[in-house]
2 protein chains.
Amino acid sequence: MPIDTPAGADPREIPDATVSRLPEYLHALHTLGEAGQTTVSSEGLAVAAGVNSAKLRKDLSHLGSYGVRGVGYDIAVLTIQISEVLGLRQHRAVALVGVGHLGQALAGYGGFANRGFGIAALFDIAEDRVGTELDGLPIRHLDELPEVIATERISIAVIATPPLAAQRVADSLVNAGVTSILNFAPCVLDVPSNVDVRKVDLAVELQILSFHEHRKSRNGKVGT
Amino acid sequence: MPIDTPAGADPREIPDATVSRLPEYLHALHTLGEAGQTTVSSEGLAVAAGVNSAKLRKDLSHLGSYGVRGVGYDIAVLTIQISEVLGLRQHRAVALVGVGHLGQALAGYGGFANRGFGIAALFDIAEDRVGTELDGLPIRHLDELPEVIATERISIAVIATPPLAAQRVADSLVNAGVTSILNFAPCVLDVPSNVDVRKVDLAVELQILSFHEHRKSRNGKVGT
DNA sequence: CCCTGTGAAATTATTCACAGCA
DNA sequence: TGCTGTGAATAATTTCACAGGG
């Protein structure tokens with residue numbers, strides 16, 4: 001008989017599509033809470049998060065029942081539940097590799113520190129960057145990566161290097177014990193199956209928009 | 001009788017999931033072409049793009065048959081076909097609003113110009129930025145947006161402003177005629193249904209990784 | 001009554017497995 | 001024989017619609 005936890009808090013049972021929306025719900029809850037609300041209906045939260053309410057209720061049902069029929073969800077309670085599921089109730093140290101334009105933007109991005117993450121270490125290889133500081137944090141040489149990752153107990157890293165360096169950096173991170181990587185370099189990373197990689201490619205996003213633009217102008221011509 | 005184009009090139013018939021992978025295929029084709037290959041099998045291209053070959057073949061089947069049985073795909077031909085479907089065979093001018101850290105990183109991001117996009121205009125409201133130049137392009141005040149968007153025939157824009165300004169910027173862009181927006185501000189944009197919005201939230205990506213980290217440490221404990 | 005939680009239905013996406021062409 | 005293109009099978013996701021608790 002396989003493991004079958006009926007209570008909703010088992011992270012293994014939450015669908016990927018739901019996980020990818022939980023951060024949005026958390027953000028929406030934060031916004032609503034700051035506006036002074038203490039409870040919110042599925043419809044209200046759905047609008048704030050930009051999804052429809054049936055989907056939101058289905059998503060939340062995977063983490064258990066924290067709503068009250070006829071009333072809605074307690075914002076404080078639901079915030080804690082989602083944070084718990086996402087593993088955000090413990091501080092997570094993040095390493096950032098590649099302190100170019102994008103890396104500097106990421107290091108300064110307020111959203112990280114505000115939402116349970118702290119950039120704990122910066123790495124680069126450029127002579128003129130190594131040894132300097134960014135926001136009070138020293139930029140170290142890539143050679144120091146294994147030691148620092150171990151000392152600071154870092155398990156999440158962001159790669160913002162040129163694509164040619166990315167695989168070598170990923171290998172080094174994996175060897176040092178990192179098990180989750182956010183990759184901004186436009187290339188496919190080869191990592192062991194126990195390592196999670198998420199990729200963000202800015203040009204890909206624009207190309208998807210381009211497709212929709214193209215489709216719109218096509219349809220426009222059809223109607224003429 | 002509804003429109004029913006049997007030939008595979010109708011953009012309306014291509015599933016979203018496929019569209020989101022086409023840019024990856026294009027990139028992989030480019031890499032393989034630079035390495036000197038002229039043809040590639042579905043398996044070879046799939047590995048280069050980081051997907052499995054059945055999915056790749058199914059995706060390509062939506063754009064028509066451009067492979068040769070027993071041989072594979074001609075890299076040059078397939079590159080043109082995918083570019084055509086994505087609407088990349090015509091140059092697309094892009095406006096960038098918000099020239100902070102992230103905006104500067106985006107403006108300097110090589111991937112845009114290399115892949116058929118050109119940043120055609122920069123906007124901001126900060127007194128000390130407006131009037132200066134970035135990579136030879138003047139940073140204009142947001143007030144000039146409607147005029148410039150119209151003159152330059154820009155239909156795609158990138159929002160890299162703080163979240164509080166984003167909705168106002170989006171309204172202004174939509175009024176000026178922009179129909180596709182790439183939003184880096186962590187907020188939900190309200191736009192007419194004919195406008196496509198894609199959102200990239202850096203903190204959301206990290207939170208999804210956090211979930212996976214959390215799950216891994218949970219599972220580790222279960223085994224102990 | 002209002003609003004959640006959830007089975008069931010519908011839709012979309014992925015994977016399998018193989019017919020058929022070069 | 002090798003590899004594409006694709007129906008059929010499977011799996012995942014979204015949406016519907018409503019029972020039932022507060």
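In what follows, every heavy atom counts, from backbone to side chain, and hydrogens, waters and symmetry copies are set aside. Letters go in sequence order (proteins before strands), and every chain restarts at 1.
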key: Distance test, side-chain N/O of B/S42 to OP1/OP2 of D/dT4, below 4.0 Å   =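 Looking at the OP1 and OP2 atoms of D/dT4, one of them is under 4.0 Å from a side-chain N or O of B/S42.
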
task = Ignoring backbone atoms, test whether B/S65 places a side-chain nitrogen or oxygen under 4.0 Å from the OP1 or OP2 oxygen of D/dG5.
result = yes

In whole Å, what is the span from the [atom1] atom of [X] to the [atom2] atom of [N]?
X	N	atom1	atom2	answer
B/H62	D/dT6	NE2	C1'	10 Å
A/E13	D/dT13	CD	P	13 Å
B/D59	C/dA13	CG	C1'	10 Å
A/L56	C/dT4	CG	P	9 Å
A/D16	C/dT12	CG	C1'	16 Å
A/I14	D/dT13	CD1	P	12 Å
B/L63	D/dT6	CG	C1'	15 Å

Atom pairs under 3.5 Å: protein N/O with N/O of nucleotides 15-18 of chain C:
from: C/dT15; atom 1: OP2; to: B/N52; atom 2: ND2; distance (Å): 2.8
from: C/dA17; atom 1: N6; to: B/R57; atom 2: NH2; distance (Å): 3.4

Between [Y] and [X], is there a side-chain heavy-atom distance shorter than 4.5 Å?
X	Y	value
B/P15	B/H62	yes
A/V51	A/D59	no
B/H30	B/T79	no

request  = Keeping the roles fixed (side chain from A/K216, backbone from B/N194), state whether a donor-acceptor pair exists under 3.5 Å.
outcome  =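 Yes; at least one donor-acceptor contact below 3.5 Å.
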
message = Just to be sure I understand the geometry, which residues of residues 68-81 of chain A put a non-hydrogen atom under 4.0 Å away from DNA chain C?
response = A/V68, A/R69, A/G70, A/V71, A/G72, A/Y73

request  = Identify, between B/S41 and A/T18, the residue whose nearest nucleotide on DNA chain D lies closer to the 5' end.
outcome  =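 Looking at DNA chain D, the more 5' nearest nucleotide goes with B/S41.
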
inquiry  = Just verifying a value: how many Å separate A/Q37 CD and A/L29 CG, rounded to the nearest 0.5 Å?
reply    =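 Rounded to the nearest 0.5 Å, the CD-CG separation comes out at 10.0 Å.
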
key: Nearest-0.5 Å distance, NZ of residue B/K55 to OG1 of residue B/T18   = 9.5 Å

request  = May I have the step-by-step check of side-chain contact (heavy atoms from CB on, under 4.5 Å) for B/I82 and B/L60, ending in yes or no?
outcome  = CA-CA 9 Å; B/I82 296 179; B/L60 295 187; 4.3 Å; yes

task = Check each of A/I75, A/L78, A/T39 against A/L45 using the side chain to side chain contact (heavy atoms under 4.5 Å, CB included) test, and report the only one that passes.
result = A/L78

Under 3.5 Å, sequence neighbours excluded: what are the donor-acceptor pairs made by side chains of residues 86-98 of chain A?
from: A/R92; atom 1: NE; to: A/G87; atom 2: O; distance (Å): 2.9
from: A/R92; atom 1: NE; to: B/S210; atom 2: OG; distance (Å): 3.0
from: A/R92; atom 1: NH2; to: A/G87; atom 2: O; distance (Å): 3.3

task = Please determine, for the side chain of A/A17, which listed nucleotide (C/dT14, C/dT4, D/dT13) has the closest atom?
result =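 The answer is D/dT13, which lies nearest to the side chain.
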
